[in-house]
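Fair warning: this is a prediction, and the values are worked out from it, not measured in the lab. Every chain is numbered from 1, with letters handed out A, B, ... down the list of sequences.
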Protein chains: 2
Amino acid sequence: MDLASTVQRLFAALRRRSPPGLSLTAASTLSILDADGPLRLTELASREGVTQPAMTQLVTRLERDALAVRRASAADGRVVLVEITTAGRDLLHHRRRVRADAVTSLLAQLPAEDRKSIEAALPALDRLASLIS
Amino acid sequence: MDLASTVQRLFAALRRRSPPGLSLTAASTLSILDADGPLRLTELASREGVTQPAMTQLVTRLERDALAVRRASAADGRVVLVEITTAGRDLLHHRRRVRADAVTSLLAQLPAEDRKSIEAALPALDRLASLIS
DNA sequence: TATTGTTATACTCTATAACTATA
DNA sequence: TATAGTTATAGAGTATAACAATA
């Protein structure tokens with residue numbers, strides 16, 4: 001029983017219950033844009049750990065779906081600033097709510113002591129995630 | 001701070017540090033074959049939560065890479081039995097070891113009480129994962 | 001007819017290499 | 001020349017629909 005396998009199993013399960021229409025990377029990128037405002041494409045690619053061409057295409061899809069827009073930088077003509085739209089924000093928040101509800105209802109099926117230990121470990125797991133990023 | 005987001009962040013981080021050469025679904029499918037022996041293609045698809053055509057293609061890739069083989073069923077001529085090879089088993093175990101080592105070295109960077117609470121929650125998280133599948 | 005699996009087709013997502021535009 | 005981003009190309013991975021073989 002190791003943490004990596006457990007995380008993988010949990011994630012695979014979550015993914016299967018996620019509403020479709022937004023890939024993992026797309027959702028994660030929207031989260032960053034939601035939290036940290038307009039960002040350069042290169043900065044986004046670096047934060048997501050994907051290549052610049054991959055981010056170009058992802059942003060193109062997000063823009064096609066009206067979830068984000070490209071803007072020019074006044075300071076540097078080469079730079080593209082990516083910004084989340086209201087529709088993007090709405091979709092993101094809706095997905096989060098749906099997913100959180102699903103997890104909550106699953107947790108409710110566990111014994112109380114299991115819930116308690118998971119809840120107690122959450123801040124530590126969060127710090128672990130921050131450590132890795 | 002919710003569990004779903006934390007799991008997603010942990011998984012994204014793990015994925016980025018995973019050695020290449022085996023996708024998430026490929027690794028997960030090999031795990032099933034490793035643990036539960038030769039299985040029918042339909043059974044594999046159902047356990048992975050993917051469609052039958054998707055599993056056909058995945059098994060074709062695994063077979064091409066010599067990680068699994070197709071076998072005929074003596075009892076039913078329609079059935080394909082998928083079996084992990086020694087090379088598949090070796091690769092799987094190697095990946096697990098590499099990943100477990102990475103997680104261990106990361107956990108070592110956390111305060112002792114964080115490690116303790118994560119360790120304490122692991123069985124509960126495992127049960128949660130089983131619940132979802 | 002029902003079940004098992006494959007093939008055909010299309011889309012997302014990713015990478016590397018080559019390119020364009022701006023600094 | 002260096003940097004920011006795009007385009008070209010290729011491959012993995014997924015889905016739905018249509019098909020072939022076996023039961």
*Asks:* Would you please enumerate the stems DNA chain C participates in, each stem being three or more consecutive Watson-Crick or G-U wobble pairs with both distances under 3.5 Å?
*Replies:*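 Consecutive-pair runs (3 or more) involving DNA chain C: C:1-23 with D:1-23.
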
*Asks:* Quick one: side chain to side chain contact (heavy atoms under 4.5 Å, CB included) partners of Arg70(A), sequence neighbours excluded?
*Replies:*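 If we apply the side chain to side chain contact (heavy atoms under 4.5 Å, CB included) test to Arg70(A), skipping adjacent residues, the hits are Leu41(A), Thr56(A), Val59(A), Thr60(A), Glu63(A), Val80(A).
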
*Asks:* List the residues meeting side chain to side chain contact (heavy atoms under 4.5 Å, CB included) with Pro53(A), not counting sequence neighbours, and say none if there are none.
*Replies:*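 Residues passing side chain to side chain contact (heavy atoms under 4.5 Å, CB included) with Pro53(A): Thr51(A).
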
*Asks:* Using the side chain to side chain donor-acceptor pair (under 3.5 Å) criterion, which residues pair with Arg61(B)? Sequence neighbours excluded.
*Replies:*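 Arg61(B) satisfies side chain to side chain donor-acceptor pair (under 3.5 Å) with no residue once adjacent residues are dropped.
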
*Asks:* Nearest heavy atom decides the nucleotide; on that basis, is Leu58(A) or Leu81(B) closer to the 5' end of DNA chain C?
*Replies:*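 Nearest nucleotide further toward 5': that of Leu81(B).
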
*Asks:* Considering only heavy atoms, which members of residues 64-79 of chain B lie under 4.0 Å from some atom of DNA chain D?
*Replies:*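 Output list: Arg64(B), Asp76(B), Gly77(B), Arg78(B).
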
*Asks:* Rounding to a whole Å, what distance do you find between Leu22(A):CG and dC11(C):P?
*Replies:*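 Distance, rounded to whole Å: 19 Å.
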
*Asks:* Among dT16(D), dT14(D), dT9(D), which is the nearest nucleotide to the side chain of Gln57(A)?
*Replies:*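 Among the listed nucleotides, the one closest to the side chain of Gln57(A) is dT9(D).
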
*Asks:* State which of dT14(D), dA15(C), dT7(D) makes the closest approach to the side chain of Pro53(A).
*Replies:*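 Shortest atom-to-atom distance from the side chain points to dT7(D).
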
*Asks:* Is any side-chain heavy atom of Leu39(B) closer than 4.5 Å to one of Arg47(B)?
*Replies:*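 SC-SC contact between Arg47(B) and Leu39(B) confirmed.
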
*Asks:* Given dT16(C), dA4(D), dA15(C), which nucleotide is nearest the side-chain atoms of Gln52(A)?
*Replies:*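 From the listed options, dA4(D) comes nearest.
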
*Asks:* Tell me which residues in residues 34-45 of chain A lie within less than 4.0 Å of DNA chain D, going by non-hydrogen atoms.
*Replies:*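 Result for residues 34-45 of chain A: Arg40(A), Leu41(A), Thr42(A), sorted by number.
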
*Asks:* Rounded to whole Å, how long is the line connecting atom CE of Met55(B) with atom P of dT16(D)?
*Replies:*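 Going from Met55(B) (CE) to dT16(D) (P), I get 15 Å.
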
